[in-house]
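Scope of the values below: all heavy atoms of this structure, side chains included, with no hydrogens, waters or symmetry mates. Throughout, a chain's letter reflects where its sequence line sits, starting with A, and its residues are numbered from 1.
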Protein chains: 4
Amino acid sequence: MENKASSTNKSEVITSIMAIREKSKEKRNALLNATLSLVNNNGFHDAPMSKIAKMAKVSPATIYIYFVNKQDLINQLYLERKQAYTERAFEGYSEVMPVKKAFELIWYNIADYKLKELEESWFLSQCDNTTMIEEKVRQEGLKHLQPLLDLWERGQKEGIIKDVSPYVLYAYAINSLSFLMNMQKRELYQFDKKSLDEAFQAAWDSIRI
Amino acid sequence: MENKASSTNKSEVITSIMAIREKSKEKRNALLNATLSLVNNNGFHDAPMSKIAKMAKVSPATIYIYFVNKQDLINQLYLERKQAYTERAFEGYSEVMPVKKAFELIWYNIADYKLKELEESWFLSQCDNTTMIEEKVRQEGLKHLQPLLDLWERGQKEGIIKDVSPYVLYAYAINSLSFLMNMQKRELYQFDKKSLDEAFQAAWDSIRI
Amino acid sequence: MENKASSTNKSEVITSIMAIREKSKEKRNALLNATLSLVNNNGFHDAPMSKIAKMAKVSPATIYIYFVNKQDLINQLYLERKQAYTERAFEGYSEVMPVKKAFELIWYNIADYKLKELEESWFLSQCDNTTMIEEKVRQEGLKHLQPLLDLWERGQKEGIIKDVSPYVLYAYAINSLSFLMNMQKRELYQFDKKSLDEAFQAAWDSIRI
Amino acid sequence: MENKASSTNKSEVITSIMAIREKSKEKRNALLNATLSLVNNNGFHDAPMSKIAKMAKVSPATIYIYFVNKQDLINQLYLERKQAYTERAFEGYSEVMPVKKAFELIWYNIADYKLKELEESWFLSQCDNTTMIEEKVRQEGLKHLQPLLDLWERGQKEGIIKDVSPYVLYAYAINSLSFLMNMQKRELYQFDKKSLDEAFQAAWDSIRI
DNA sequence: CATGAATGAGTTTTCATTCAT
DNA sequence: CATGAATGAAAACTCATTCAT
């Protein structure tokens, strides 16, 4: 073993690279999680890179290996969580389902996510009511909701859904949940099965004809 | 009144004191306005006291004559704007009005405020989705909404309003407007008379039995 | 009584001026006392003019009527208290007294002052171990001690007192009391009649032949 | 050792780490020295972090790598110098020495230190007559003097030393030197071999029976 | 004389980012 | 890749002093 590099064969190299990648992913995730946690608890204005690094158990300098700067870190975090959120929203959904059935599925998916993943939801809610995310990135995060808009359009054609702007539909049918989630986080309100059904009824009543 | 010194009578003194008080109020207001504007445009994390001072055309040190620290400045701003908002909400309202009529009045009041005073609304929205305001202060800001909760209770007794938590009612009937206001601010959506009426219909449908 | 000024006769004017002077002296004293108290408790570095003013119940601007600036305030305070201290030191002293008798009198005077006027003593002690007083002013404060130096010189001529520098005599015979006073202030040591006499004995032993 | 990269062996790494540690220690010392110098010349109230940094040739931010805040910097400086002082005081001392011999040794050690290390002594003197050091830290700094107290106790048992509080003994036998050191620093007094011996005689006379 | 309000210059401290290793 | 140390720039806040009244 004169030379360190030559002593490892190809498959070992690949394994090693993968191990590194895995390790890197772990660090990247630790950083994203730390950021979310700090922004949630202290606010964006009190989530310094040094604290993020400490919480993720890496050096501050390491952050800049994974992200070009703080804004990039926040942006990537936002996009990942937004995507996870939308993925959950459409779990089990198929475009051939009847409109109400489909909406019900999506609504309960979203409700389930928002109430179970309180931290992620609260983070997204902050991002959407703040200048911490650039408009461009926010747009990017929204595009995954298209299937819901398509569903509503179908519902409108079928005469089931009110013929109003999708923003109005979203405001009433979906966004209201954010407020309830906030209240739950602040421990002012507590969801149970019954109140969830009541909320769904209100959502549906607000958009159906 | 031959002599200037001897001519200063009581009423003049009072006028002079009032002038000073007025001037002070002006400075305080300039500071509050500057803060709102900066927080709105740059976010809480990029609204330093130095910029606030510059915008209000005073020295940074002057801020501390009117507010004990930055948090106090933000808190006072929040409370004042929240109060202005709730005052507008109940303009023309009387407890003897029929439930739907009363709700309609309040809803349109709020809609009118949120869409006309976009800056104030956006600021309040940020405050309510952020850690920048302490929970205690937020509670303080909420208490003026009681008449609406009372109205809903009456509606529930009369069998007009759904028998669900006031948080659910608020989420659907009122808070949805915040989302639409956000969209309007981002120039993704534009309200007109027709869409306003549609939104009201959705609000009412969501809470009525 | 057409004219305010002319309506007062000479004796009234004098009384009035004296009243003003008295009132002024009161304010000046209040300021000096407030300064001493703040410097003692917070240190010179945390005794701002604003706090001094508040404690003396005057406006910050008023301080500048009585003192040209903060340094002047401190200097005058130092000089006044130093003078009060030396005056007490020589109470009852006459140059014709025998040396030991005279020294005993002065020593007990000083001890009495240092232990009774703990605050004043602690303040002077700070001043003498700090750059807060300019050397020039400190010199000024020292000159009232001359009679003690003269006494020692007499004692040396009479062969009673060691023939060493007056600084050495002062260091041992007088300054040691400052240390004991400090300990008393910090509640590490408590003087009584017996220990006072012991201290005197040590003082006398250190300088007598 | 053909290849630079592969040549870094363990001992070199250790050397390198030590070099870093050494460099860090240097910076820390530069900061402590700068602080002492500035506090001595300008007073605690005029020794801003910015000046300290400049004098130590580092950025102000760097100070906070080594000390948590200004108070901590001062505390650590005080403790280090106090310890150096007491270490010097007991150089060559052994508990079996005869009382007077031992006292003489310690006394001259202290005198030597106080007169040679004028800056350190003046700094400690300021700290002990000021609120800039917290009482707790001052206590910490004092505990190293215990051997002297033990020596005195032995002297008292042997009937050599006056049976008075150790505070009195310290006030006369040791603290008097501080005053003389102050005078020397202010160039009002100049020690030489003869006057040093005179001072020792005064010290001994004040505490011996 | 007396003052409340105002402020420029300065204070301590923090922070996003870089760099030598 | 990873890092601890370093830092310029800026943050929040303070303070001695002034000035219009």
Side-chain angles (χ1 to χ4, degrees), chain A residues 17 20-21 23-24 27 45-53 57-73, chain B residues 5 8 12-13 16-17 19-21 23-24 27-28 45-53 57-71 73, chain C residues 17 20-21 23-24 27 45-53 57-73, chain D residues 5 8 12-13 16-17 19-21 23-24 27-28 45-53 57-71 73:
Chain A
I17 287 174
I20 287 169
R21 288 234 175 103
K23 238 176 128 190
S24 292
K27 256 177 205 173
H45 64 283
D46 189 24
M49 297 299 254
S50 55
K51 275 190 195 168
I52 291 172
K57 287 174 185 164
V58 299
S59 158
T62 305
I63 303 182
Y64 292 85
I65 295 168
Y66 296 94
F67 307 96
V68 308
N69 56 27
K70 194 178 181 184
Q71 187 62 59
D72 181 46
L73 165 59
Chain B
T8 337
E12 272 176 326
V13 167
S16 153
I17 287 173
I20 288 169
R21 290 241 172 95
K23 236 174 137 187
S24 290
K27 244 168 218 178
R28 190 173 171 281
H45 65 281
D46 189 25
M49 298 301 250
S50 56
K51 277 191 194 167
I52 292 172
K57 286 176 187 163
V58 298
S59 157
T62 304
I63 303 180
Y64 295 88
I65 297 172
Y66 296 94
F67 307 97
V68 306
N69 55 28
K70 195 178 181 182
Q71 187 63 58
L73 166 58
Chain C
I17 285 173
I20 286 168
R21 287 234 175 102
K23 237 177 128 188
S24 293
K27 256 176 206 172
H45 63 283
D46 189 25
M49 297 298 253
S50 55
K51 274 190 196 168
I52 292 172
K57 287 178 187 162
V58 299
S59 157
T62 304
I63 303 181
Y64 293 85
I65 294 167
Y66 296 93
F67 308 96
V68 309
N69 56 27
K70 194 178 181 182
Q71 187 62 59
D72 180 46
L73 165 59
Chain D
T8 337
E12 273 178 326
V13 168
S16 151
I17 287 173
I20 287 169
R21 290 242 171 94
K23 235 174 137 189
S24 289
K27 242 168 220 177
R28 189 173 171 281
H45 64 282
D46 190 25
M49 297 302 251
S50 55
K51 276 191 194 166
I52 293 171
K57 288 179 187 161
V58 298
S59 156
T62 303
I63 304 180
Y64 293 87
I65 295 171
Y66 297 93
F67 307 97
V68 308
N69 54 30
K70 195 178 181 181
Q71 187 63 58
L73 165 60

Would you kindly give the CD1-to-P distance between Ile52(A) and dT14(E), to the nearest whole Å?
17 Å
Take the protein atom NZ of Lys51(A) and the nucleotide atom P of dT14(E), then report the distance between them rounded to whole Å.
10 Å
I need the Lys70(B) NZ to Leu73(B) CG distance, nearest 0.5 Å.
8.5 Å
What is the distance, to the nearest angstrom, from the OH atom on Tyr66(B) to the P atom on dT7(E)?
9 Å
Using whole Å, report how far CZ of Phe67(B) lies from P of dA12(F).
15 Å
Ile65(C) has an atom CD1; how far is it from atom P of dT21(F), in whole Å?
18 Å
Is there a side-chain contact between Ile65(C) and Lys27(C) (heavy atoms, below 4.5 Å)?
no
Thr62(D) or Pro60(C), whichever maps to the more 5' nucleotide of DNA chain F:
Thr62(D)
Euclidean distance, atom NE2 of residue His45(B) to atom P of dT14(E) [Å, nearest integer]
20 Å
Less than 4.0 angstrom between a side-chain N/O of Lys70(C) and OP1 or OP2 of dT17(F), yes or no?
no
Smallest separation among heavy atoms of Ala47(A) and Ile52(A), with atom names
O-CD1, 3.6 Å
Lys57(B): partners by side-chain contact (heavy atoms from CB on, under 4.5 Å), with sequence neighbours left out:
none
Quick one: which of dT18(F), dT7(F), dG8(E) gets closest to the side chain of Ser59(B)?
dG8(E)
What is the distance from CZ of Arg28(B) to P of dA5(E), rounded to the nearest Å?
13 Å
Would you indicate, yes or no, if dG4(E) has its OP1 or OP2 atom less than 4.0 angstrom from a side-chain nitrogen or oxygen of Ser24(B)?
no
With sequence neighbours left out, write down each residue that passes side-chain contact (heavy atoms from CB on, under 4.5 Å) with Ser59(D), or none if nothing qualifies.
Ala61(D), Thr62(D)
Rounded distance (Å) that lies between atom P of dG10(E) and atom CE of Met49(C)
18 Å
Taking Watson-Crick and G-U wobble contacts under 3.5 angstrom, with | marking pairs to another strand and [ ] crossing pairs, the secondary structure of DNA chain F is written .||||||||||||||||||||
Phosphate-side-chain proximity, Lys27(A) and dC1(F), N/O vs OP1/OP2 below 4.0 Å
no
So which one's nearest nucleotide on DNA chain E is more toward 5', Ile63(B) or Pro48(D)?
Ile63(B)
Of Val58(B) and Asp46(D), the one whose nearest nucleotide on DNA chain E sits closer to the 5' end is Val58(B)
To the nearest 0.5 Å, atom OH of Tyr66(A) lies from atom CG of Asp72(A) at 14.0 Å
On DNA chain F, more 5' by nearest nucleotide between Asn69(B) and Asn69(C) is Asn69(B)
Nucleotide of dA11(F), dT14(F), dC15(F) approaching Tyr64(B) most closely (side-chain heavy atoms):
dT14(F)
